[in-house]
Structures are given as C-alpha cells and as structure tokens.
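These notes are about the structure you will find just below.
Index from 1, following the sequence.
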Amino acid sequence: MKELPGIYHIDLFSIGTYLTIPKALRVSNRIMDTTQPKTEEDHILYLKVAIHEAKRCTPVPTAFCVGCVIVAFPEEDIPGVGSEEFIIGTGYSREIPGNTHAEANALHNARILATLPTAPAALTAEVIEKLLATATVYTTLEPCSVRTSGLAPCTQALLDAKIKKCYIGAAEPPDFVNCEGARLLKEGGVEVYWVPEVAEECLRVARTGQ
C-alpha cells in the first residue's frame, strides 16, 4: 500500500480540521492524478483520513465514533480553486454540539467554506452545492438511516446533497439501531462501495469507549 504523500493545503480551506492532522497522516488536498481512474489504494487513502477524523471523537457509551471525508470533483475550473479534486469537508461524530453525526458535520463544514474570509470569491454557497453534487463521501461506518434522538438521519442528508458516490469502511453494527443506510443510498441513486481492507480498524475505532 502506498504511503500518504504531501501535506494539506490549508490556505483556502482552513476550517480547523486539517490543522490538527498529525504529520504521518497528512495528505495534499490534490493527491491524485485526476485524469486516471481511481485505484483501490486511492480510496483506502481517503478512508485513512476519515479514520483519523473518527479518532478525534469524544467517546460515549451510547454512540459510535465515526469519521467522514467529502471529496469534490469540479466539473469546470473555479477561480481560486481550480478544476482538480479536493477535500471540501471533513467531520466526525459529536464535532458540533447536539449529538451530531460525522456525515452531517462534514456537509456542514463544506457549506461554511463560503463564509470564510480566506475563501475565494468564486466559492459561493451555490457553487458549493454544485460541488457536493459531484462529490464522493468516504465514511468509516455506514451512514445512519434512523436516529434514536429523532434528528434527521445522515443517509437523507447525503441524498439531499445529491452526493454521487459513497465508500464505506464497515457496516454499522446493530448495537443501537438496525441500519439500512447503504440500501437507502443505493435506492436513491448513490453508488455505494464497501472497503473491507479497513473494516476492522473502522469498527475498532467506532467502539472506542464502549
């Protein structure tokens, strides 16, 4: 498996998440030749970043620790951003107060980019929504399809954002609810892929504190 190269580009997209990634796990926002098909190792690389996000969770006995990375694929050159793929958002469970989930937090963090003073003028809220509609999600655990808290499930949030693809590290164990996130995403037109090479690590991190 290839090493994680480069460093994060945080000049435009410095939400704060990228600043705390240890050197051993830093990767560039633009780490792959976008003219070539993605390889299995490419997807594992992005999931490794998602695993790092999951490790940032505050453990609780009643919920999993999950990490998520959203990678955008611009369909045209965006001034100040470019036309190559880049990480548009990251998130982890309970990052935002209110028993929040990783995928919803990653979407939120992507959407607030337009409000940052360092963001290019062309990166408007409308452009971000268009970018999300090109995006691939990498999440350590299957997106939730039901919330015991009554909050909206992440599966619906991803469908509403018109995400194109979702790579999942591991299925959600039936500890708390019966999750049908992968099935619902597929039914909603999202391409869903499982990455068994990282499943064991994703589950171990997910159950931290339990």
Side-chain angles (χ1 to χ4, degrees), residues 4-21 25-35 38 42-54 56 66-93 95-96 100-140 143 154-169 185 188-193 195:
L4 303 177
I7 60 171
Y8 266 105
H9 293 278
I10 58 173
D11 52 341
L12 298 179
F13 311 113
S14 53
I15 307 172
T17 303
Y18 308 140
L19 301 176
T20 59
I21 292 181
L25 264 182
R26 290 180 189 167
V27 297
S28 167
N29 274 30
R30 299 173 172 85
I31 57 177
M32 302 165 192
D33 181 355
T34 56
T35 65
K38 294 292 171 287
D42 293 335
H43 300 306
I44 290 173
L45 188 151
Y46 277 132
L47 274 165
K48 287 288 186 179
V49 180
I51 289 170
H52 172 74
E53 288 296 302
R56 301 181 66 201
V66 182
C68 178
V69 171
I70 303 177
V71 181
F73 295 83
E75 295 177 342
E76 59 185 6
D77 187 77
I78 302 172
V81 178
S83 59
E84 297 179 345
E85 72 186 75
F86 68 98
I87 295 174
I88 193 172
T90 63
Y92 57 91
S93 304
E95 176 183 4
I96 299 171
T100 55
H101 282 193
E103 297 89 351
N105 290 337
L107 288 169
H108 169 82
N109 288 336
R111 285 169 171 144
I112 66 171
L113 288 177
T115 69
L116 297 179
T118 51
L123 197 65
T124 63
E126 181 181 1
V127 168
I128 288 174
E129 291 303 320
K130 289 181 179 178
L131 287 170
L132 288 174
T134 73
T136 295
V137 167
Y138 294 87
T139 183
T140 58
C154 292
T155 296
Q156 190 58 53
L158 295 176
L159 290 173
D160 290 344
K162 299 180 174 60
I163 295 294
K164 278 193 171 182
K165 300 179 183 179
C166 184
Y167 285 79
I168 304 172
L185 286 175
V190 178
E191 296 179 36
V192 176
Y193 303 92
V195 187

Q) What is the distance from atom NE2 of His108 to atom CG of Leu113, rounded to the nearest 0.5 Å? A) 10.0 Å
Q) Can you name the closest pair of heavy atoms from Pro74 and Ala72 and give their distance? A) CD-O, 3.6 Å
Q. Got a second to check how far Lys48's NZ is from His43's NE2, nearest 0.5 Å?
A. 15.5 Å
Q.
Measuring only between side-chain heavy atoms, which start at C-beta, is Ile88 closer than 4.5 Å to Leu132?
A. yes
(Q) Rounded at 0.5 Å granularity, tell me how far CD1 in Ile112 sits from CD1 in Ile128. (A) 9.0 Å
Q. If you take all heavy atoms of Cys166 and Pro143, which pair is closest and at what distance?
A. SG-CG, 4.2 Å
Q | Non-hydrogen atoms of Ala122 and Pro79 that approach each other most closely | A | CB-O, 3.6 Å
(Q) Could you report the tightest heavy-atom contact between Thr134 and Phe73, atom names first, then the distance? (A) OG1-N, 3.0 Å
Q.
Can a donor-acceptor pair be found, under 3.5 Å and without considering hydrogens, that links the side chain of Asn109 to the backbone of Gly91?
A. no
Q) To the nearest 0.5 Å, how far apart are CD in Glu103 and CD1 in Ile163? A) 10.5 Å
Q) What heavy-atom pair brings Ala125 and Ala114 nearest, and what distance separates the two atoms? A) N-CB, 3.7 Å
Q | Interatomic spacing from OG1 in Thr115 to CG in Leu123 - rounded to 0.5 Å | A | 10.0 Å
Q: Quick one: closest heavy-atom pair of Cys154 and His101, and the distance?
A: SG-CB, 3.2 Å
Q. Going by the angle between their ring planes, with limits at 30° and 60°, are Tyr46 and Tyr138 parallel, tilted or perpendicular?
A. tilted
Q) Is it true that Glu129 and Arg111 have a side-chain N and a carboxylate O under 4.0 angstrom from each other? A) yes
Q. Going by heavy atoms in the side chains, are Thr136 and Ile70 under 4.5 Å from each other?
A. no
Q.
As an exercise, state the distance from CD of Glu126 to NZ of Lys130, rounded to the nearest 0.5 Å.
A. 4.5 Å
Q | Side chains of Val137 and Val71 in contact at under 4.5 Å (non-hydrogen atoms) | A | no
Q: For the pair Ser93 (side chain) and Val66 (backbone), establish whether a donor and an acceptor sit closer than 3.5 Å, ignoring hydrogens and angles.
A: yes
Q) Where the side chain of Asn105 meets the backbone of Tyr92, is there a donor-acceptor pair that is under 3.5 Å apart? A) yes
**Q.** Passing option when Val195 is tested against Thr140, Ile168, Ile44 for side chain to side chain contact (heavy atoms under 4.5 Å, CB included)
**A.** Ile44
